[in-house]
Each structure stands twice: as C-alpha cells, then as structure tokens.
Amino acid sequence: MTVDIQPLLLTFKLATVTTAILLILAVPFAWWLSQTKIRLKPVVETLVSMPLVLPPSVLGFYLLLAFSPEHWFGRWLDRALGVSLAFSFQGLVLASIIFSFPFIVHPVQAAFQNLPKSLTDAAKILGKSNMQIFFRVLLPNIKPALISGTVLAFAHTVGEFGVVMMIGGNLPNSTRVASIAIYDEVEALHYATANFYSAVLFTVSFVILLIVYLVNRRAKNATSLY
Amino acid sequence: MLQASINKHLQGTNGEFLLDIKLEVTEGELVALFGPSGVGKTTVLRCLAGLEHVSQGNISLSEQKWLDTNLGINVAPQLRRVGYMFQDYALFPNMTVRGNLEFALRKGANKQRVQTLIDMMNLGELQNHHTATLSGGQKQRVALARALASEPKLLLLDEPFSALDAEMRARLHDELLRLQKSMGITTIIVSHDVGEVYKLATRVFIMNAGRIMQQGAPATVFSAGQSSGKFRFTGQILALEPMDVLYSLTVLVNNQIVRVVVMPDEASALKIGDSVMLVSKAFNPIVFKLA
C-alpha cells in the first residue's frame, strides 16, 4: 500500500492557518460581543451561531455561489485582488473561518462576561490603557477558555467535510483534505488507505479533546480557590 | 482639599432617586461615608474615581479639576491618581501578590516602593503566592498595599473591612491609621459600622437616600441627643401578648431577645414585625469589662 500523506498535511495546514486567523479575529470580536449593548446583539449572536445548526452543505452552497466569477463578489475578488476563492485553498480557509467562528467566540465571550467588572475598573484606576488592560488583565484571566476555544476550532476544522466538499472540490495538494480523501478512497474500495487516514484523524481528535478536558479540569480546580 | 458636588439619578430598590451631595475634605483628612446599604455611598466613591458618569457636578482635588460638567471637563480615571480599594478587592488572579503591586506602579516609579509596601503590610511570606490562594484578611492587606503602590493623591476605601472578623479588623484599623497618617493621604472610607467610623474618621458624613443628612465629628454626630444618660435601642417586635392588665412585648435587639411590658393603649398601636425604639435611663448600670 502506498499512502499519499498530502491530504493529511493539507488538513493540518488548513486547520493551523484557520485557527491562527480566527484567534486574531474572534477574540476581539468576542470581547466586543461581551461588552456591547446594541439592540442588534441577538441578531449578531444568531448569525455567529448559525454554523452550529446549519448543514455544512448549505453554508458551502452559498459560499460557492458567492465565490463564483458569475457573482459580483467573486468577480470583484477576481478583478480587484486577483483571487479566485472557488476550488482554492484560500477559499477553504475563508469558509473554515466562518464555519469554526462560534467554536471560539462562544467560550471566550462567556469567559469575558464572567470576569468581575471590578478588575477592569481597578486596572483603569491604576492608570492602565485599554490595550494594557486587555492584554495584561483580561486575556490572562480567561486562559482556559482561550485554550479550549482555540483547540476546539482547530479540531472542528480538521473534521470539516461538507463545506470543503462544496467549495473545495477534490484537487490534490490544494483542496483534497483528509476527510475528502477518506470518502474518495472508500469509493475506490481502497479500505487500507481510508483506514490509515481515519486512524490518524481519530487519534489526533482524541488527543486534542483530551487536552481540552484536562485543561478545563485544572482551570476548575484553580478557580475553586478563587 | 477635595471639593465635590455630584448630581446623578440612581436606581434603588424603592425606585429611582437622586444622588445629590456636596463634599469638602481637607488635605490629609480621613473621613467616612456612613449609612445603610443602597443609599449611594459606593456610587459617590465611583464618581470621585471617574468610574461612573455624573449628570451634573464638579470635582476638584487641590486646584486640579477632575470634573466640571458645565465646562465639559471629565478627566479619565487613569489620570486622576486615585487609590481605590474595591469591596471584592479586585486583585488580579493571574498575578502574584508582588505582581499585583508591581502592576500598580506608575511609569518611572522606584521599584523599591513595592518592597517597602510588602514590608510595611507584612506580606513578605506571601509575595510569591497567587492571590486566589489568599484568605480574606490577606487579600485585604494586598488590596490596600496595591492601592497605595500607585502613589495616590486620594484614597477611596469601599467597606474594606466588612468581610473580616473583629480581631483582624481591629488590627487592620490600626495599620490603616498608621499608614494614612505617615503618608498624609486624603482618605474617604465607606462604612456602616459605627465603631469603625468612630475609631478611624475625624469627620463622618451620614448619608440617606442619596443625600448627606448630617456631618461632623463622629463623637458629636453619633451621640447627638443621647448625652442625657439614656440607652436607646432599636429592635423588631417578635411577640405581643396580653398579660393581666398589661401587655408583654418581646423585642429582638441586636440578636438579643428582650421582654418588656407596655400599657394596653401603647400596645394597640403596635403589631408584630414593627420596628421600635426602646429607651431607658442609664442610671446606675452594672458595667462588666470583657476580656
């Protein structure tokens, strides 16, 4: 049996890039969501949570339409930036970001909301700027939520199938991630290869989730003292 | 000199009320805001610190204007140089005791100040502990040290000793007095403990429903009308029963149950659950010294 490990590498590359971008986008967004009093907040929260309940194929379908050169958005991307998102790695990254957004926003937002407001007040009185407060007081005190959110977003991206199927297609080295490859190999009756990919994904997912639970348990022990 | 006039609508348990107070505190003085909970004491401190929006008023500390709603001046809390001790202490759980104090230092401040405060507040053994592992009294000492670490011009203490037992409280009272005197910081303490106010403050402002009802030296204010040699106790009626031609009245006073007799016409005006004041001549009482 010769196994092409490209799909696995691509999967982890996709998950790493997605998670890194998510951290930069979702953490400030979660903070904003935890503080805001705008009337549209329920609508914003609903939109963020939609990927949790929507069949991935629905999201994939709309993204595919939007990315296609027939659509104004796809055309604009193509003309202005020279990027074509349909059936490309960049397209997968964008779709994964949207798809895994709630997995990081939810725990981080909840953690921000649970921090006593007096911590921010105390830091303000000690002369600290909003940036200093965010990075030196707020973020360090939501570390467990940050870790579990990050890990979950990573794991969820690894496990993606429907969205990738819709907008990525099955291009080797570009969009053929492990979950797609498994489907492919099974269709071609290459059970040994499919088993190899599956075993790797199973092990990685198990380890990742185990880390989340261990971190949460440690955090719970720590906060019980607080 | 701290001068403040604050106007603000507050939401209380009995609906909205207006916080409307004027304060003047001389430099280096320690004064107390005294009153039941929910009358706006904490809000006054938060307004002084700049944490709360003031609808109308002005605040200035020795020629420095912090707030003037008419001129549109509102100095950010970061620039007011206030030391604030929160009721929940608000220690940063991600930092050690020493870390909390170092975080409070101003830019360019001498690091030695942290060591001085650690020695002063007896925190040497705890300095590398995380604040989550500390007891209430220890947290309180760290919070006070942290408030002082930023070299404040005004120290605001929000019921700092409420969660402590009597012995610890007395010790920390002494410590606070010593520190406050040696540093000469203008200090406002919120309290609803008469003994505490008596011991710490040179002047007390008695607040009720958003207003200052009375102010003066604690000895004068608290004993006003009581210097006639009478005991006055307030309590709650637990039982009211006829007894021959009189009525027996059972009153709960400070966790003690007291039984007294009242005349039938007095009894007719009373019912169970009423708050009452018992007054008695303090003539020839028996005095026991407690260990």
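In what follows, every chain begins at residue 1, and chains take the letters A, B, ... in the order their sequences are listed.
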Is [X] close to chain A through its backbone or its side chain, or both, or neither, when contacts mean heavy atoms under 4.5 Å?
X: B:F103; answer: both
X: B:R46; answer: side chain
X: B:M85; answer: neither
X: B:L79; answer: neither
X: B:Y84; answer: both

Query raised in the report: Which atoms of A:K143 come close to chain B, meaning under 4.5 Å heavy atom to heavy atom: side chain ones, backbone ones, both, or neither?
Result: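 Neither part, no heavy atoms under 4.5 Å.
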Query raised in the report: Taking B:H129 as the fixed residue, which of B:V142, B:T96, B:L134 is the one that meets the side-chain contact (heavy atoms from CB on, under 4.5 Å) rule?
Result: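 Exactly one pass, corresponding to B:L134.
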Query raised in the report: Parallel, tilted or perpendicular for A:F154 and A:F12, by the 30°/60° rule?
Result: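 Rings of A:F154 and A:F12: parallel, under 30°.
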**Report entry** Heavy-atom neighbours of B:R171 CZ exceed 12 at 6.0 Å
**Finding:**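 Not more than 12 within 6.0 Å, no.
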Query raised in the report: Are B:H192 and B:F34 close enough that their ring centres sit under 6.0 Å apart?
Result: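 Between B:H192 and B:F34, the centre distance exceeds or equals 6.0 Å.
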Query - B:L144 and B:M121, any side-chain heavy atoms less than 4.5 Å apart - result: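 Yes, their side chains come closer than 4.5 Å.
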